Amino acid sequence: MKRLLGVMLGILTAIGGFVDIGDLVTNAVVGSRFGVSLAWVVVVGVVGICVFAEMSGRVAAVSGRGTFDLVRERLGPRAGLLNLLASVAVTLLTFIAEIGGIALALELVSGVNYLLIVPFAAFALWLILWRVKFVAMENVFGLAGLALVVFAVAVWQLGPDWEQLLHHATHPVVPFGEGHPTYWYYAIALFGAAMTPYEVFFFSSGGVEEKWRRKDLIEARMNVFLGFPLGGTLSLAIMTCAALVMLPRGIEVTTLGQVGLPVAVALGKIGIAFALVGFVAATFGAACETGLAVGYSVAQFYGWQWGKYVSPARASRFHLLILVSTLLAVAVLLTTVDPIKVTEYSVVFSAVALPLTYFPILVVANDPDYMGPSVNGRLANTLGVVYFFILTVAALAALPLMLITKAGQ
Amino acid sequence: MSDSPDRVPRKATGEVSYDAALRLLDRQVIDSDGAFVCNVDDLEVDVSGTGPPRITALLTGPAALGPRTGGFIGRWMVATWRRLAPDQDPRPGRIDLHLIADIDSAIHLAVPRRRLAELADGDKGIDGFEQWARSVVIGRIPGARHDPE
């Protein structure tokens with residue numbers, strides 16, 4: 001019974017923890033401009049993150065090694081270092097976007113300008129990373145993030161023509177007034193939002209921290225195969241909301257408030273209250289994950305002590321990294337750079353950096369000497385290779401498309 | 001894994017065919033308490049004897065990693081380390097091969113990490129940055145020595 005509860009809790013937190021500022025913003029922006037014609041990308045992205053997370057979770061459970069430990073071991077110090085720099089840069093960008101997201105969400109709640117909230121939000125975040133246990137952190141924010149289910153309720157309340165909606169989603173056409181390059185640019189952005197690399201660093205490092213063994217793999221797989229797709233449906237609900245309310249009125253989403261607007265239209269004050277709780281929980285949870293992911297990546301690369309299962313004094317360099325990244329994020333946000341813009345760039349650069357960490361994990365998961373009986377089966381390997389191809393194409397196309405479309409304008 | 005044919009004997013005597021670059025380099029080193037110590041940044045090889053070259057120690061730290069990284073970044077890494085090191089003529093961190101208890105996906109030591117400094121005649125090479133971060137920043141923040149709640 002206790003085990004079943006544990007599995008349930010894991011799945012619920014995976015659902016609530018799936019959505020972050022990148023998913024919130026990108027899905028709403030895409031919904032308001034392209035309707036549901038890019039919904040298929042969310043499906044492709046969710047299957048991709050399942051494949052990637054399952055592989056790296058399995059590798060973590062069998063070998064007890066984190067992602068960047070393996071990246072360095074397989075690529076050597078030189079290529080490994082370039083890989084580390086690129087991945088950490090993208091994760092830091094995401095971290096900045098998440099802290100900005102917390103501040104924007106709290107601005108919606110309180111009416112206080114977000115720039116005044118940034119330092120306090122960052123301090124609260126740092127305190128959590130300093131003191132709170134891994135599991136407690138994951139569960140609290142994951143469960144509170146479930147408030148975002150309100151977007152699914154809003155879709156149902158708005159009473160769309162389901163048949164037409166499904167037709168638009170399954171027969172995608174580029175809407176009038178949008179060019180093909182912009183369509184594909186946002187396809188890559190959505191893909192990057194669903195498959196952000198930090199999720200995988202966090203997931204596999206968490207597996208090492210909680211000392212997963214082979215027998216824990218079933219639980220980890222349940223989290224991945226049920227939690228992530230259900231989290232993905234929340235992304236689709238956010239997109240559909242924007243498609244139903246914003247697109248017909250020609251309003252383009254440019255603020256976090258507009259992301260929640262359809263919920264207010266459908267469900268009034270109660271709805272918007274739930275949406276705001278969901279925003280704060282989703283961004284706070286993701287900020288914890290990205291902050292830790294920066295520390296995990298660098299510490300694993302250099303072999304330093306890392307993790308939240310020891311006191312900070314025993315992992316000083318790891319905690320120093322987290323402290324410095326938090327200060328850096330505050331400094332960047334206080335330049336008054338628009339957090340929504342930072343988010344939009346972070347999801348595209350995520351897509352660019354993905355193959356860097358995906359490839360070494362795919363190689364290790366296929367190494368029978370390393371993995372023993374838990375080596376990639378035929379299905380995992382086929383999907384793994386297909387996704388490596390998709391990731392590479394998306395990564396190569398991202399920057400040219402960004403230049404051609406002036407970042408989606 | 002533990003059943004691989006080219007598994008190293010407890011004290012690597014060099015008599016078994018063994019791809020040291022593949023099996024030792026860039027692996028995580030874990031002490032007898034399960035704490036992460038460092039990564040194997042380079043290997044110390046003894047070529048003085050009459051026999052074949054022998055690996056005698058694991059090397060770690062920027063001085064060992066820099067040359068292997070190469071280029072501008074590698075040189076910069078070593079120069080920064082040299083400038084910041086408290087010693088006049090700093091050496092890379094060194095872990096004698098005798099201290100290795102087991103090798104699987106990581107390298108397990110037979111001693112806890114605090115013994116390493118004593119064994120290396122007071123050389124702080126392995127722990128310098130960690131000790132600095134602890135004494136200057138992290139150790140001074142309230143709650144640094146509490147386990148997470």
Side-chain angles (χ1 to χ4, degrees), chain A residues 59 62-66 68-82 85 126-137 208 211 299-324 364 367-373, chain B residues 1-6 21-31 33-42 60-62 64-71 73-74 77 104-107 113 126-149:
Chain A
V59 170
V62 172
S63 68
R65 310 262 64 84
F68 265 92
D69 196 343
L70 296 169
V71 165
R72 168 147 172 212
E73 190 190 303
R74 292 291 147 154
L75 299 183
R78 195 180 168 81
L81 184 65
L82 294 176
L85 291 175
W126 172 80
L127 210 58
I128 289 168
L129 295 178
W130 180 255
R131 284 311 290 270
V132 181
K133 253 196 177 133
F134 192 91
V135 185
M137 194 178 81
V208 176
K211 301 211 169 15
Q300 287 168 4
F301 185 85
Y302 288 108
W304 303 343
Q305 178 65 51
W306 53 271
K308 303 247 338 113
Y309 62 99
V310 295
S311 67
R314 287 175 58 201
S316 301
R317 289 171 288 193
F318 173 71
H319 276 278
L320 184 65
L321 269 171
I322 291 176
L323 182 61
V324 171
V364 171
D367 184 344
D369 192 31
Y370 215 106
M371 297 294 290
Chain B
M1 297 312 296
S2 53
D3 51 355
S4 56
D6 52 351
L22 183 69
R23 295 296 160 139
L24 295 173
L25 275 179
D26 299 313
R27 296 267 168 153
Q28 177 74 50
V29 180
I30 300 178
D31 80 356
D33 297 332
F36 297 142
V37 178
C38 61
N39 218 306
V40 180
D41 293 326
D42 207 349
T60 180
L65 186 61
R68 284 188 63 223
T69 308
I73 298 178
M77 210 188 278
D104 49 27
S105 66
I107 294 164
R113 66 179 303 159
I126 291 168
D127 248 6
F129 184 23
E130 177 80 17
Q131 285 170 19
W132 179 86
R134 186 181 308 146
S135 61
V136 177
V137 193
I138 300 301
R140 298 184 177 203
I141 303 172
R145 275 159 236 286
H146 288 273
D147 286 329
E149 288 157 23

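All figures in this text were calculated on a predicted structure; none of them were measured in a lab. The analysis underlying the following values was restricted to heavy atoms, covering all of them including side chains, and did not include hydrogens, waters or symmetry mates.
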Part of A:Leu323 within contact of chain B (heavy atom distance under 4.5 Å): side chain
Side chain, backbone, both or neither of B:Ile141 within contact of chain A (heavy atoms, under 4.5 Å): both
Ring centers of A:Phe318, A:Trp304 separated by less than 6.0 Å: no
Under 4.5 Å from any heavy atom of chain A - which part of B:Pro142: backbone
Residue of the set A:Val208, A:Ile322, A:Leu321 for which side-chain contact (heavy atoms from CB on, under 4.5 Å) holds with A:Trp306: A:Val208
Residue among B:Val40, B:Asp41, B:Ile73, B:Val29 with most heavy-atom pairs under 4.5 Å to chain A: B:Asp41
Interchain contact, A:Leu81 with chain B, by part (heavy-atom threshold 4.5 Å): side chain
Electrostatic pair A:Asp369-B:Arg23, nearest N-O below 4.0 angstrom: yes
Option that, when pairs with chain A are counted at under 4.5 Å, heavy atom only, ranks first among B:Gln28, B:Glu130, B:Arg134: B:Glu130
Options A:Pro312, A:Ala315, A:Ser63, ranked by heavy-atom pairs under 4.5 Å with chain B, top entry: A:Pro312
Residue pair A:Leu85 / A:Phe301, side-chain heavy-atom distance below 4.5 Å: no
Lys/Arg-Asp/Glu bridge criterion (N-O < 4.0 Å) met for A:Arg74, A:Asp367: yes
